Number of protein chains: 2
Amino acid sequence: MPSPTPLTETDVLAAIAPEGGRPGGGADASDTAVRIMLAAADAFAANGFPATTTRDIASRAGLSPAGVYVHFASKEVLLFELSRRGHARARDLLVEAARDTPDATTALRAIVGGFSRWHAEHHQLGRIVQFEFRHLSDEHQAEVLGLRKEIDQVVADVLRAGVAAGEFEVDDVRTTALALLSMAIDVARWYVPGGRRTPEAIETTYGELAVRLVRRSVR
Amino acid sequence: MPSPTPLTETDVLAAIAPEGGRPGGGADASDTAVRIMLAAADAFAANGFPATTTRDIASRAGLSPAGVYVHFASKEVLLFELSRRGHARARDLLVEAARDTPDATTALRAIVGGFSRWHAEHHQLGRIVQFEFRHLSDEHQAEVLGLRKEIDQVVADVLRAGVAAGEFEVDDVRTTALALLSMAIDVARWYVPGGRRTPEAIETTYGELAVRLVRRSVR
DNA sequence: GTCTATAGGCAGATAGAC
DNA sequence: GTCTATCTGCCTATAGAC
């Protein structure tokens with residue numbers, strides 16, 4: 001059951017790219033290490049983490065099985081690197097989308113729309129980081145959870161700003177933020193390339209749905 | 001990394017129970033077959049489908065590895081039976097929740113709230129049927145997809161009824177139905193027993209969020 | 001840093017006795 | 001219908017040469 005459309009290098013690179021000079025980001029990776037990560041993303045997306053063999057990753061990267069272990073201590077560490085970089089990149093995109101918006105409504109539309117589109121365009125990486133989470137070690141799970149909380153926080157902050165400005169009406173900020181993220185994250189689960197919905201259409205539609213969910217009712 | 005709270009027999013039984021006399025349902029299963037399904041659900045929930053061994057399933061069911069193959073042709077067929085029964089049960093719950101409601105608003109609150117609560121209470125089975133889908137054979141994927149479309153239809157029908165009655169304002173019925181289901185299904189991904197949110201609170205909150213998402217704005 | 005070779009173990013599924 | 005025993009193959013990870 002191979003993935004219908006293999007990940008392109010550009011696809012994953014855009015999602016796990018080194019975070020530039022931002023403090024707190026991870027260390028840069030060598031060319032070979034990046035090649036292995038791309039190969040692993042491809043293999044995990046096609047078969048899931050437990051069913052993926054190190055032989056498969058190695059051959060996709062043009063290495064012998066042993067060659068992988070020079071760069072990554074284990075298959076699990078490879079999954080962790082993809083998860084960490086994917087989450088960090090998604091968080092950065094959210095923060096950037098919320099910046100320089102005139103009001104909370106525009107900010108919310110931008111971040112939920114953009115996050116939804118990201119989960120369509122990068123649905124294979126999205127499935128890896130969302131659905132293979134349990135296969136990380138306890139320590140690595142904790143580190144990724146920290147990044148997830150940062151992402152929750154970006155959305156919650158926009159909601160609070162909108163409530164304060166009188167644009168939104170929200171009963172429970174944290175639960176509403178979670179529901180908004182659920183809508184976007186779940187795109188990675190059901191999205192199929194070439195289907196009825198394009199990533200651009202998803203961005204527009206889901207941005208509007210987000211605003212509808214929190215808008216103040218005029219009575 | 002075992003599951004923190006093993007599935008109880010009651011938990012899964014409530015979700016995969018034989019569908020009674022309803023036409024189109026699957027055949028009944030023997031006591032031993034049910035015991036094996038419960039064991040498999042427990043094991044899949046704890047370790048995921050590919051990482052689960054037939055030996056693990058067998059020992060949880062109190063059988064030798066070979067004993068499983070008398071009742072199920074393969075590990076994949078076991079996953080399929082759980083998926084089929086889980087989806088069918090969820091669909092039935094939705095249909096029942098929508099029945100005998102005075103208006104579309106009440107119906108939508110009931111089905112989205114109920115579906116969300118189901119994904120909290122049965123989050124382990126929910127993860128199996130939602131996240132292990134790719135490991136089904138093509139034929140079995142197609143059969144489960146048919147059940148998913150029925151579920152989509154129940155929600156879409158309520159939305160259309162609400163629009164016709166002037167209760168709702170919905171741009172794109174199918175996309176909105178999908179987004180509502182996404183909110184509910186994603187509960188299975190993040191829910192942890194004993195966390196801040198109880199299944200009952202999730203039912204109430206998500207039912208209200210659903211209504212907010214589609215209510216007609218009064219201007 | 002990459003290779004070949006392999007250790008050491010476990011997988012899914014089956015044969016045949018009872 | 002269930003068992004014990006086993007086939008056949010593949011797995012992750014490592015040792016040691018180059």
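This is a predicted model, so every value here is computed, not measured.
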For Y69(B), which residues count as a ring-ring contact (aromatic ring centres under 6.0 Å, His included) partner, sequence neighbours excluded? none
Write down the distance between CZ (F49(A)) and C1' (dC11(D)), rounded to a whole number of angstrom. 13 Å
Can you check whether R117(A)'s main-chain N or O pairs, donor with acceptor, with E203(A)'s side chain at less than 3.5 Å? no
Rounded interatomic separation in angstrom, taking CZ from R55(B) and P from dT6(D): 13 Å
Sequence neighbours left out, what passes side chain to side chain contact (heavy atoms under 4.5 Å, CB included) with S64(B)? Give chain and number order. A66(B)
May I ask you to test the D186(B)-L181(A) pair for a side-chain heavy-atom distance under 4.5 Å? no
For residues 173-209 of chain A, pull every pair meeting ring pair (Phe, Tyr, Trp, His ring centres under 6.0 Å), keeping only residues two or more places apart or in separate chains. H123(A)-Y191(A)
Neighbours of DNA chain C within residues 61-71 of chain B, by heavy-atom distance under 4.0 Å: A66(B), Y69(B)
Starting from C1' on dT12(D), measure out to CD1 on I36(A) and report it in whole angstrom. 15 Å
With a 4.0 angstrom cut-off to heavy atoms of chain B, pull out the first and last contacting nucleotide of DNA chain C, in 5'-to-3' order. dA11(C) to dA15(C)
Does W118(A) offer a backbone N or O that forms a donor-acceptor pair with the side chain of H122(A) under 3.5 Å? no
Pairs touching residues 147-156 of chain B that satisfy salt bridge (charged side-chain N to carboxylate O under 4.0 Å, His left out), sequence neighbours left out: R91(B)-E150(B)
Side chains of F44(B) and R127(B) in contact at under 4.5 Å (non-hydrogen atoms): no
